[in-house]
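First the structure, in the form of structure tokens, and then the observations on it.
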4 protein chains.
Amino acid sequence: MAEISPRKQPRQARARATCEAVKQAAARILVTGGPPALNTNAIAETAGVSVGTLYQYYPSKQAILAELVRDMRAGMLADIERGRAQAKGHDLRTAVRLMVGASLHHHRRDALGAEAMERAEAELPMDAETDALKRRIIALVAELLAGYGIADPELAARDLSAMTRGMAQAAVAAGETDFDALTERIARGAIGYLETGCN
Amino acid sequence: MAEISPRKQPRQARARATCEAVKQAAARILVTGGPPALNTNAIAETAGVSVGTLYQYYPSKQAILAELVRDMRAGMLADIERGRAQAKGHDLRTAVRLMVGASLHHHRRDALGAEAMERAEAELPMDAETDALKRRIIALVAELLAGYGIADPELAARDLSAMTRGMAQAAVAAGETDFDALTERIARGAIGYLETGCN
Amino acid sequence: MAEISPRKQPRQARARATCEAVKQAAARILVTGGPPALNTNAIAETAGVSVGTLYQYYPSKQAILAELVRDMRAGMLADIERGRAQAKGHDLRTAVRLMVGASLHHHRRDALGAEAMERAEAELPMDAETDALKRRIIALVAELLAGYGIADPELAARDLSAMTRGMAQAAVAAGETDFDALTERIARGAIGYLETGCN
Amino acid sequence: MAEISPRKQPRQARARATCEAVKQAAARILVTGGPPALNTNAIAETAGVSVGTLYQYYPSKQAILAELVRDMRAGMLADIERGRAQAKGHDLRTAVRLMVGASLHHHRRDALGAEAMERAEAELPMDAETDALKRRIIALVAELLAGYGIADPELAARDLSAMTRGMAQAAVAAGETDFDALTERIARGAIGYLETGCN
DNA sequence: GATGAATGAGGATTCATTCAT
DNA sequence: AATGAATGAATCCTCATTCAT
């Protein structure tokens with residue numbers, strides 16, 4: 001069983017920089033070469049440090065990946081929270097559009113990175129903290145939906161998240177870059193899902 | 001560069017049986033242990049043949065996986081074709097329901113296997129034949145949608161496929177087994193996507 | 001936790017030869033370079049095989065060492081059994097001399113190897129089978145001693161074994177090669193231990 | 001070739017304390033985890049200093065171990081010297097008992113530590129000073145034996161030391177804690193060895 | 001003097017693939 | 001055709017040691 005939590009907290013500034021460099025390097029490799037290209041030597045070299053240094057901060061290769069994914073989920077939670085704050089007071093359709101837009105926030109910054117990360121997540125053994133983040137994200141969406149009288153808001157939140165993820169993934173794979181258009185299409189599906197449900 | 005097409009066509013019955021056993025074995029390992037557990041020794045052992053024999057029929061590990069994915073896509077194409085035949089003459093909403101149901105046909109048979117396969121596909125280098133199958137599937141759906149006057153039917157077909165895949169994946173991961181209910185929810189999203197688009 | 005039991009049984013003659021070569025190589029390295037020199041690459045090279053081959057038969061480095069030690073203990077048990085058969089019917093002093101001689105049998109064949117092996121044993125996690133062999137050896141000696149009316153024969157057997165081992169080790173370390181003389185000296189200690197105990 | 005003698009003489013009290021802490025830490029790790037657990041990071045951490053500091057006082061890991069062993073041998077020499085002073089004037093049997101008791105003095109303080117140390121010694125390259133201590137110990141015993149007219153007192157001294165060490169080791173391994181009883185048993189063997197030798 | 005970040009050679013192990021039988 | 005023994009490059013990870021701060 002590979003240890004997954006970080007090994008030691010970087011105390012000095014140099015150490016923190018190293019940590020960051022390692023994560024950046026891993027992320028870059030993941031995007032360019034996919035999971036099979038992600039090996040510790042490559043990470044270390046890309047990060048400009050030695051393997052030994054890498055292992056000072058992460059107890060295993062998986063731990064690096066786990067932290068990367070955790071960061072991604074934490075960012076996503078923040079995006080979703082901002083989205084919900086914006087959505088407050090608007091009608092359902094607008095709220096949905098804003099939430100979908102928020103969900104794609106990290107795609108706007110780095111579409112390939114976002115996709116690589118989400119795919120990597122599937123290969124990882126469950127990490128408690130990441131799992132909590134994911135549940136919190138779904139819960140936030142569910143709360144919002146409940147406020148509009150949606151039935152079974154938990155299930156709806158999961159379905160809409162999955163819908164968003166699936167469509168975003170395909171769009172990125174197809175090379176789309178117009179995220180406003182994509183947001184609009186996803187929102188149509190989402191709204192249809194929610195309103196047809198009320199009939 | 002690993003060779004990906006099968007090494008030789010099995011002519012005799014025994015050979016065909018071996019081929020099948022190898023694929024079945026690979027599929028089973030993929031489901032139970034995920035990609036990291038899929039190695040040639042394990043496949044050979046599970047299939048009840050020797051590694052040498054395995055390499056008589058497949059030039060590389062990737063070739064086995066590639067054929068597995070090709071089979072899955074071919075099956076899906078057949079499902080979609082049947083779905084379209086059924087859908088002929090029905091209104092859009094019914095047609096969509098039937099097509100979504102058809103898309104989930106392989107999930108009904110073996111949900112975990114279907115998911116494992118789709119995930120494995122992402123890790124594989126593009127295979128021309130598989131790619132053609134995927135395009136054919138999208139084209140079939142697009143044709144159907146065009147018949148209902150949907151704008152940009154290609155894009156819509158891709159979006160709906162992605163939506164279906166995303167929601168199915170999440171549902172399977174969550175342990176859902178009621179595929180009728182799932183079909184209904186996906187169809188709601190799909191119909192919303194298509195009809196809202198007409199406004 | 002490293003697996004310690006051998007991985008697979010060699011079926012073909014070639015395989016058995018490989019197995020043997022690996023053990024021989026490990027033994028030789030242990031004698032010449034001690035535990036720190038014993039690494040899998042060195043073993044494979046010395047054995048004239050590749051590392052991969054080595055791992056076909058032994059699941060870990062420890063497993064090789066464990067089997068080496070097991071072999072040594074099994075040989076020792078055989079020596080002791082032969083010694084006891086010889087000792088039957090003789091008086092205590094003669095019996096002790098014969099048993100000490102039997103205990104040093106493997107030293108006569110390969111003194112350095114015997115010592116290296118015994119030292120290696122201490123670094124190994126307990127192996128059930130080896131442990132059973134050791135217990136059987138002590139039990140045999142205890143039985144013999146019991147036949148001469150020795151009090152607490154179990155404890156005496158352990159003490160005499162330890163005495164023998166200690167003195168043999170020091171003698172080998174000092175470069176002694178006259179095992180008859182050594183046998184005689186150990187026997188004096190052993191007899192003294194046993195007879196003084198009767199006073 | 002690793003340097004083995006200490007790097008610099010600690011002049012100040014704090015320095016001496018650090019040195020001591022390092023040695024204590026190494027000893028503790030050796031007892032609890034054995035040689036494989038003994039690494040410089042662990043030593044430093046256990047000692048409550050940084051690796052850098054450790055290397056201020058010892059030029060290598062081996063040097064720490066070497067000093068530990070040297071200390072142990074020096075302590076043993078002192079024990080033996082005290083034993084000989086006590087033994088003066090007594091008859092052989094009593095003298096032997098006293099000497100065996102003296103040899104086990106460090107076992108009484110810390111049986112596991114004593115054993116760990118003696119085992120570690122075997123893995124170390126010869127250290128001149130330690131070797132001199134060992135020779136001095138043997139010489140002291142030999143002198144004593146010579147005073148009782150024992151033939152080849154050097155050899156006898158070595159044999160008795162080895163016998164003592166062997167039996168003590170086995171007893172500690174078996175979990176014995178009654179060192180008076182152990183002393184008595186070893187003395188029986190030793191006396192038997194010496195007196196039978198006179199016949 | 002002390003710290004702890006960084007180094008990188010070294011070692012255990014895996015696994016896709018080949019080939020003699 | 002089938003077998004399974006053999007190969008060795010590739011990979012993860014450790015740890016003694018150095019050195020900038």
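Each chain gets a letter, A, B and so on, in the order the sequences are listed, and its residues count up from 1.
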Could you pick out which residue, D/V51 or B/G48, lies toward the 5' side of DNA chain F when each is mapped onto its nearest nucleotide? B/G48
Using whole Å, report how far CG of D/L65 lies from P of F/dA16. 11 Å
Taking C-beta and beyond as the side chain, do A/M72 and A/E121 meet within less than 4.5 Å on heavy atoms? yes
Side-chain touch A/Y57/A/I64, heavy atoms, less than 4.5 angstrom: no
Test side chain to side chain donor-acceptor pair (under 3.5 Å) applied to D/E20 - qualifying residues, sequence neighbours left out: D/Q24
Side chains of D/Y58 and D/K23, heavy atoms from C-beta outward: is any pair under 4.5 Å? yes
For the student: nearest non-hydrogen atoms of A/L65 and A/A120, plus distance: CD1-CB, 4.3 Å
Below the 4.0 Å mark, does F/dG8 have OP1 or OP2 next to a side-chain nitrogen or oxygen of C/S50? no
Go ahead and write out DNA chain E as dot-bracket, 5' to 3': ( ) for pairs within the strand, [ ] for ones crossing earlier pairs, | when the partner sits on another strand, dots for unpaired; Watson-Crick or G-U wobble, both distances under 3.5 Å. .||||||||||||||||||||
Mind calculating the distance between CD1 (D/I64) and C1' (F/dA16) to the nearest angstrom? 10 Å
Separation of F/dC15 C1' from D/E45 CD (nearest whole Å): 14 Å
Think D/R14 has a side-chain N or O under 4.0 angstrom from the OP1 or OP2 of E/dA2? yes
Distance check: side-chain N/O of D/S60 vs OP1/OP2 of F/dA16, anything under 4.0 Å? no
Rounded to whole Å, OH of C/Y58 lies from C1' of E/dA12 at a distance of 17 Å
Could you state the atom-to-atom distance from CD1 of D/I43 to P of E/dG4 in whole Å? 17 Å
Salt bridge (Lys or Arg N to Asp or Glu O under 4.0 Å) partners of B/D131, counting only residues at least two apart: B/R135
For DNA chain F, which residues of residues 28-41 of chain A approach it to below 4.0 angstrom with any heavy atom? A/L38, A/N39, A/T40
Give the rounded distance in Å between these two atoms: CD of B/Q62 and C1' of E/dT17. 14 Å
What is the distance, rounded to the nearest whole Å, between atom OH of C/Y55 and atom P of F/dA10? 18 Å
Closest non-hydrogen atom pair between D/V31 and D/A116, with its separation: CG2-CB, 4.0 Å
Need to verify one output field. Residue with the more 5' nearest nucleotide on DNA chain F, A/K61 or C/L54? C/L54
What about C/Q56: does its side chain form a donor-acceptor pair under 3.5 Å with the base of F/dA5? no
What integer number of Å spans the P atoms of E/dG1 and F/dT21? 22 Å
Sequence neighbours excluded, which residues qualify as side chain to side chain donor-acceptor pair (under 3.5 Å) partners of B/S50? B/T53
Please give me the minimum heavy-atom distance between D/L38 and D/K61, naming the atom from each residue. O-NZ, 2.8 Å
Non-neighbouring partners of D/T18 that pass side chain to side chain donor-acceptor pair (under 3.5 Å), sequence neighbours left out: none
Quick one: on DNA chain E, does A/T53 or D/V49 contact a more 5' nucleotide (nearest heavy atom)? D/V49
